[in-house]
Structures are given as C-alpha cells and as structure tokens.
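A quick write-up on the structure given underneath.
Residue numbering restarts at 1 for every chain, and letters A, B, ... go by the order of the sequence lines.
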There are 2 protein chains.
Amino acid sequence: MATIKEVARLAGVSVSTVSRVINESGYVEKKTKQKVLSVMRDLRFTPSSVARGLVSGKTSTIGLLIPDVSNPFFAEVARGSEDAAIEAGFTVFLCNTDWKLEREEMYLQVLKNKSVEGIVFLGNRSDESTLLKSVGDIPCVFVDRRLSKQRNYIWVDHEYGARLATEKLISIGCKRIVHISGPENSNSAKLRERGFTKTVKEHGLDNWQVVQGDFSFAGGYDAAKILLSGDNPPDGVFAGNDMMAFGFIRAANELGIRIPDEVSIIGYDDIEMAKCVSPALTTIRQPAYQMGRTAFLSLKDFASSDVVEFQPELILRNSTKA
Amino acid sequence: MATIKEVARLAGVSVSTVSRVINESGYVEKKTKQKVLSVMRDLRFTPSSVARGLVSGKTSTIGLLIPDVSNPFFAEVARGSEDAAIEAGFTVFLCNTDWKLEREEMYLQVLKNKSVEGIVFLGNRSDESTLLKSVGDIPCVFVDRRLSKQRNYIWVDHEYGARLATEKLISIGCKRIVHISGPENSNSAKLRERGFTKTVKEHGLDNWQVVQGDFSFAGGYDAAKILLSGDNPPDGVFAGNDMMAFGFIRAANELGIRIPDEVSIIGYDDIEMAKCVSPALTTIRQPAYQMGRTAFLSLKDFASSDVVEFQPELILRNSTKA
DNA sequence: TCGCGATATGGAAACGTTACCACAGGGGGT
DNA sequence: ACCCCCTGTGGTAACGTTTCCATATCGCGA
C-alpha cells in the first residue's frame with residue numbers, strides 16, 4: 001500500500017500538503033491540489049485508517065453487541081445499523097454474545113482497545129453499574145433496555161404491543177385467552193406479559209392464563225400440545241414472539257384444530273416468515289430495521305434526543321378471526 | 001485509557017520491558033514480570049490494538065463480505081466465521097453488500113485501508129481479474145465460488161445436492177418432476193439446476209421441467225400456483241432453496257392439494273424454519289455454520305489446504321412420500 | 001513605505017505500540 | 001584467566017497519519 005509520503009514525493013510537495021488535500025482543510029492552491037489528487041489516483045492511495053485512528057482517536061468504527069444474528073429480529077436490527085453506519089462512513093464490528101455475560105464482557109474489552117467510537121447494545125442484561133464502568137466514556141445506545149437515565153436508548157413499547165394483541169383477541173370475541181410468555185430473564189418478555197395481564201384484567205376477563213415459554217418454536221409447540229388437548233382449551237392465544245406462534249400453529253395443525261375458526265393466534269415481531277406460514281400470522285410488528293438505524297444515528301448525535309420510542313403495530317393476517 | 005508508558009513508569013521499568021511482558025517475548029525476570037502484571041491489572045491496562053496494528057500490521061481483524069445477514073443461510077455462515085474468529089482473537093467487520101457490485105467494491109476499499117488481515121467472501125459475483133486486483137495481497141477465501149486456482153475457497157457440491165434431491169423424488173415414484181430454479185445470476189442456482197437436469201436425463205425421465213424462480217417465497221408461491229392449477233401437474237418438485245419450497249407448500253395448501261400425498265416437495269439449505277413448517281420440509285442440508293468456521297480457519301493457515309469441499313446431505317422430513 | 005492579514009507550504013512532534021540494538025552482569029567451559 | 005553465551009534491561013527508530021507552528025510571498029490599506 002502506498003503511503004502519504006510517496007504521494008508527497010511524487011507530487012513534489014510535503015506530507016502536510018497532501019494531508020490538507022485529503023482532509024480538505026487549510027489552504028492549498030488549486031493547481032497543487034489537482035496534482036496531488038492525480039498522484040493519489042495513480043497510486044490508488046487511500047489513507048490508512050489505522051494510522052489515522054492512532055493520532056486522531058477517530059476510527060470510524062462501532063461495535064454491535066447482539067445476542068445472535070441468526071435470530072431474524074436481531075439480523076434485521078443489525079442491517080439497519082449497518083446501513084446507517086456505512087452511509088456515515090462507519091464500519092461495524094459484529095459481536096455475537098449468545099446471551100452470555102462473559103462473552104459480552106470479553107467483547108467489551110476488545111472493542112475498547114480497538115478504539116471503537118460507539119457501541120450499540122442489543123438484548124443486553126448485564127449489571128448496570130459494572131457495565132457503565134467497563135464502557136467508560138465510549139458512547140453507547142441500548143436497544144430494548146432502559147437504564148436509569150444518563151444513557152440513551154431505543155425503545156419500543158412492549159406493553160402497548162401486548163395490549164394491541166390482547167385487545168384484538170378480546171374484540172373478536174375470544175373468551176378463554178392464553179399468553180405464552182418468553183423466558184423469565186428477558187426484559188421485553190416480562191413487559192409483554194405485563195401488558196397482557198393488565199389488559200385482560202381491565203376488560204374484566206376471568207378465564208385467562210399465562211404459560212411459560214422460551215421464545216423457541218419447540219416452546220410454542222409444547223405449550224400448544226398441552227393447552228389444546230386439555231379440557232377447556234383456549235380460543236385465543238397471544239404468543240410472546242413469532243417463533244412460538246409458529247410452533248403453536250404447527251401443533252394445532254397436527255391436532256386437527258383449525259385456525260382461526262377454533263382458535264386465534266397472534267405473534268410478536270413480524271419476522272419475514274410470518275407472512276409465509278399457513279395461515280399467515282397476525283402479529284405485532286416491531287420496526288426492527290428502523291430501530292437499528294436510529295440506534296446508530298443516536299450514537300452520533302446525542303444532541304437530537306437521547307431517547308427514541310417506537311410504537312409497535314398490529315399486522316392483521318389470517319390467524320385471527322375477522 | 002492507560003498507556004504502556006504509564007504502566008512502565010508505575011512499575012519502575014522501561015516500556016520495552018512492559019512490551020515483553022505483554023507479548024511474552026524475550027527475557028523478563030519473574031519478579032519484574034509480576035510487578036508489571038500487577039500494575040497492568042491495577043490500571044486495567046490493555047494494549048491499544050490500533051497502535052499495535054500500525055506498527056506490526058497485525059490488526060486481528062477480518063472482513064466478512066456477505067450479501068445480506070437477514071438471509072438465514074448467510075446469517076448462519078456468519079455465525080460460524082465469527083465464532084471461529086473470536087476464538088482466534090479476531091474481530092469481524094460485518095459488510096452487507098446487498099448483491100451490489102459497487103457496494104462490494106466500496107467495502108473492499110474500506111477494508112483495505114482498515115488493514116484487515118483477511119476477507120471472507122460470500123455470494124460474490126464480481127469480475128475475477130478486477131477483484132483480484134482490488135484485494136491485492138490480502139488473504140481471501142470464497143464461499144461458494146471457484147476462482148481459476150490461486151485462491152482458496154469453501155465449496156459445497158451443489159450438483160451432488162441436486163442429484164440427492166432428484167433421485168429421492170424418483171425413488172419414491174414421482175413421474176412428473178419439476179425443478180424451480182434460482183435466479184439466473186446465481187452460480188449455485190445454476191449448478192443445482194444442472195445437477196437436476198443431469199439426473200433426470202440419466203434416469204431416462206421424459207416428463208420433467210425447469211421453471212425459473214428467484215429464491216423468494218413469492219417466487220415459489222407463484223410457480224406453484226401456475227404448476228398446480230395447470231393440467232398435468234407435477235407429483236414431485238425440487239425447489240432451489242427452502243424459501244421457495246415454503247411458497248410452494250403455502251400455495252398447495254391454499255389449493256387444497258395435499259403434501260406429500262399428491263405432490264412431494266424438497267427444498268435446499270435446511271434453514272431453521274424447515275423443521276417448523278407444516279408439513280416439515282424434506283431438504284438438502286448445507287453445513288452453513290461449519291462452512292463459515294472453515295472459511296475463517298482457512299484464511300489463517302493456507303498450509304492446511306486451500307480447497308475445502310463439503311458434501312450436502314438429504315434431510316428427510318414429511319414433505320416427501322415414504 | 002510599512003505592516004498586517006490572507007494564502008500557501010513545509011517541518012516536526014505526537015499518537016501507543018513493536019522490534020531491534022546496545023549494554024551489563026554472571027556463570028561455565030576451555 | 002579468558003571468552004562467550006545466556007539472561008535481563010533500557011533506549012529509540014519506525015509505523016502512517018494529523019496537527020500545530022514556522023516561514024514565505026503577496027496584495028492592499030494606512
């Protein structure tokens with residue numbers, strides 16, 4: 001790789017001048033600039049980000065701390081962040097944590113000594129004070145987690161989303177409503193459950209239930225098998241995410257129980273497959289891509305506002321009665 | 001962030017000695033080493049990768065050039081690469097190209113001046129000589145693409161995979177077999193099609209057909225609607241990937257055509273959802289995670305072997321007759 | 001004519017490491 | 001007693017930039 005020195009030598013100017021041309025800073029005579037530019041082109045020169053990062057501290061790099069890209073929801077958020085990042089001339093380090101604390105801490109360390117200029121956290125659950133201590137003064141943004149002020153976050157109102165789902169089930173006449181919840185350690189799962197519980201209580205329902213799930217296909221499937229083959233099976237189900245809803249649908253199909261005639265089901269997330277299952281899944285949409293975009297953006301200018309709240313949306317398809 | 005100088009000062013030794021401790025190189029007295037280590041711990045010092053990268057050229061970073069992480073297959077490969085990378089102390093830059101050439105070239109430029117130590121290419125289709133020129137001497141590995149020697153690649157035998165699928169359909173007695181192909185510009189799609197064509201010919205079938213698809217759910221759905229409502233509908237279908245198979249299944253369901261009784265369908269990829277649809281999809285499995293892992297690994301030691309070939313595998317589920 | 005601000009350029013320190021060389025003391029083989 | 005090698009340590013150039021300061025020329029108003 002050519003260096004700035006060679007460019008300077010070939011253009012017959014000093015390193016400083018080349019630097020000024022690159023950064024469009026300071027004074028450079030038009031003619032000189034043209035000459036330098038032409039040499040740069042000939043040499044296919046681009047400045048080393050590493051050297052640049054060392055002196056200026058600006059690496060044009062961020063870290064994306066994510067539980068698992070294989071999860072379609074996270075993948076979508078990741079796309080959003082990456083697209084926004086590249087538009088701003090930034091590159092992103094992909095860091096899968098697998099929900100593991102030690103892996104997260106390890107990555108935090110790595111990102112820190114790679115001098116990233118910011119970190120986007122997804123599905124983060126580690127202890128707040130420890131966390132803040134380890135990130136130091138690196139700008140952070142949390143998706144789906146509220147810290148006690150001082151940091152910015154991207155938020156979608158899970159309680160409201162759950163309310164949308166639950167009220168839909170109620171409005172189409174469901175009387176025996178079940179919520180298949182997410183895992184206990186998930187913050188958003190807890191909020192969705194709370195939204196569900198609040199809503200059914202407000203509407204004075206007395207025949208409702210929450211069963212524990214784990215956000216997996218198998219979790220939804222197993223729950224469905226138990227629920228649907230028991231006596232007093234539900235006629236409306238709100239699953240904590242789409243995968244569990246898929247599991248539920250599969251189980252219902254196997255048991256010969258028709259959706260939505262005998263039981264309506266609503267998911268959460270609106271991942272791509274939701275359109276594709278049969279029947280197509282009614283679900284609560286989170287604007288994953290937009291959230292990712294916004295996360296990156298709010299990393300760059302705290303000015304704008306350090307809290308961005310998104311509203312989830314009910315997407316009507318064929319797994320609920322009309 | 002503390003620097004090596006501060007560590008040196010506090011430990012009462014020179015910078016060189018600290019560096020030797022860090023890198024476990026050269027001679028350092030045990031006592032000195034302990035002292036330095038303890039200061040490092042107190043200061044929470046970790047060496048700056050940026051400075052290190054500048055002097056040694058080793059950035060412990062690779063680039064992952066991928067069409068789209070939202071695609072489950074690519075996401076899985078990405079996980080494989082990332083896991084292998086972090087085990088080796090490497091970090092990966094996530095680069096979504098959206099199949100766009102200009103975006104790929106832009107990223108190549110960026111990766112180059114960030115001094116990545118290697119690049120993993122997925123779904124790459126750009127012109128070979130241009131490509132080789134722009135990567136220069138950065139180690140590369142291509143997944144699913146063969147270049148005319150000189151570079152290493154990870155390969156899975158698509159023709160063989162297609163053969164597995166086709167022969168399965170033949171062996172269960174299908175007489176009118178259709179292949180829904182991938183898009184024309186996809187190399188692997190072409191190979192799968194060739195595998196299919198070869199196999200049906202070898203078996204002397206005369207009632208077979210290839211229809212053009214695009215790897216999307218909608219593509220499979222549309223193809224199915226046309227095929228299944230025409231006269232002489234197929235009794236065996238091999239879809240170029242799982243998403244199209246899902247589309248096919250959905251269309252069949254809507255038309256009241258039973259799978260696998262009236263028509264058997266086989267997909268390709270074995271993404272997670274394949275287990276989850278109804279009926280569960282028989283498909284050809286590509287070891288995506290392993291491929292990703294291997295890709296990273298072969299970046300590091302060319303020694304081992306610069307061509308790794310994986311065999312696809314038939315995964316029997318319920319979308320094919322017994 | 002003098003001086004000052006605007007323009008244009010170069011020199012060199014600094015960023016935080018690594019790598020190489022220099023130096024010194026000690027011990028063992030001849 | 002001498003030499004050499006092993007051990008332990010420090011000094012400093014180099015990596016490729018940016019940034020700040022110095023210098024030089026020019027034009028123009030006082």
Tabulated below should be each protein N or O lying under 3.5 Å from an N or O of nucleotides 6-8 of chain D; please produce it.
from	atom 1	to	atom 2	distance (Å)
D:dT7	OP2	B:Tyr27	OH	2.3

Among residues 3-15 of chain A, which residues get a heavy atom nearer than 4.0 Å to DNA chain C?
A:Gly12, A:Val13, A:Ser14
Check: A:Asn124 and A:Leu131 side chains under 4.5 Å, non-hydrogen atoms:
yes
Expected output: side-chain B:Asn23 to main-chain B:Ser25 donor-acceptor under 3.5 Å
no
In whole Å, what is the span from the CG atom of A:Asn113 to the P atom of C:dC15?
18 Å
Describe, as an angle rounded to 10 degrees, how the axis at the first end of the helix from C:dT1-D:dA30 to C:dT30-D:dA1 is tilted relative to the axis at the last end, five pairs per end.
60°
Please list, by residue number, the residues of residues 47-62 of chain A whose heavy atoms come closer than 4.0 Å to an atom of DNA chain D; answer none if no residue qualifies.
A:Pro47, A:Ser48, A:Ala51, A:Arg52, A:Val55
Just by modelled atom types, is the B:Thr59 backbone N or O under 3.5 Å from a matching donor or acceptor in the B:Glu117 side chain?
yes
Give the rounded distance in Å between these two atoms: NZ of A:Lys35 and P of C:dA8.
19 Å
Does a side chain donor of either A:Thr61 or B:Lys114 reach within less than 3.5 Å of an acceptor in the other side chain?
yes
Give a yes or no on whether the ring-centroid distance for A:Phe90 and A:Phe296 is below 6.0 angstrom.
yes
Under 4.0 Å protein heavy-atom contacts per nucleotide of nucleotides 22-27 of chain C, with B for base, S for backbone only and - for none:
------
Give a yes/no on whether any side-chain N or O of A:Thr17 is located under 4.0 angstrom from OP1 or OP2 of C:dG10.
yes
Please evaluate residues A:Lys58 and A:Ser115 with respect to the criterion side-chain hydrogen bond (donor to acceptor under 3.5 Å, both in side chains), reporting the C-alpha separation (whole Å), side-chain torsions for both, the decisive distance (0.1 Å), and the verdict.
CA-CA 8 Å; A:Lys58 306 287 173 198; A:Ser115 302; over 6 Å; no
Separation of C:dC15 P from B:Met1 CE (nearest whole Å)
15 Å
Donor-acceptor under 3.5 Å (B:Thr32 side chain, B:Lys30 main chain):
no
Touch class at under 4.0 angstrom, heavy-atom based, for A:Ser19 against every strand present:
base
Hey, is NZ on B:Lys190 packed in by over 12 heavy atoms from elsewhere, all under 6.0 Å?
yes
Which pairs with one or both residues in residues 85-113 of chain B pass salt bridge (Lys or Arg N to Asp or Glu O under 4.0 Å), sequence neighbours excluded?
A:Arg79-B:Asp98, A:Glu82-B:Arg103, A:Asp83-B:Arg103, B:Glu87-B:Arg293
Side chains of B:Ser49 and A:Asn113: do they bring a donor and an acceptor to under 3.5 Å?
yes
Would you say the side chain of B:Phe93 lies within less than 4.5 Å of the side chain of A:Phe93, judging by non-hydrogen atoms?
yes
Interatomic distance where NZ belongs to B:Lys112 and C1' belongs to D:dG16 [whole Å]:
17 Å
Under 3.5 Å, side chain of B:Asn187 to main-chain N/O of B:Arg145, donor-acceptor pair present?
no
Any donor-acceptor pair under 3.5 Å linking the side chain of A:Ser186 with the backbone of A:Gly182?
no
Atom CE of A:Met40 and atom P of D:dT17 are separated, to the nearest Å, by 10 Å
Taking CD in A:Glu272 as the centre, count heavy atoms belonging to other residues, nucleotides or ligands within less than 6.0 Å. Is the count above 12?
no
Got a second to check how far B:Ser126's OG is from B:Leu108's CG, nearest 0.5 Å?
7.5 Å
B:Ser134 side chain to B:Thr130 main-chain N or O, any donor-acceptor pair under 3.5 Å?
yes
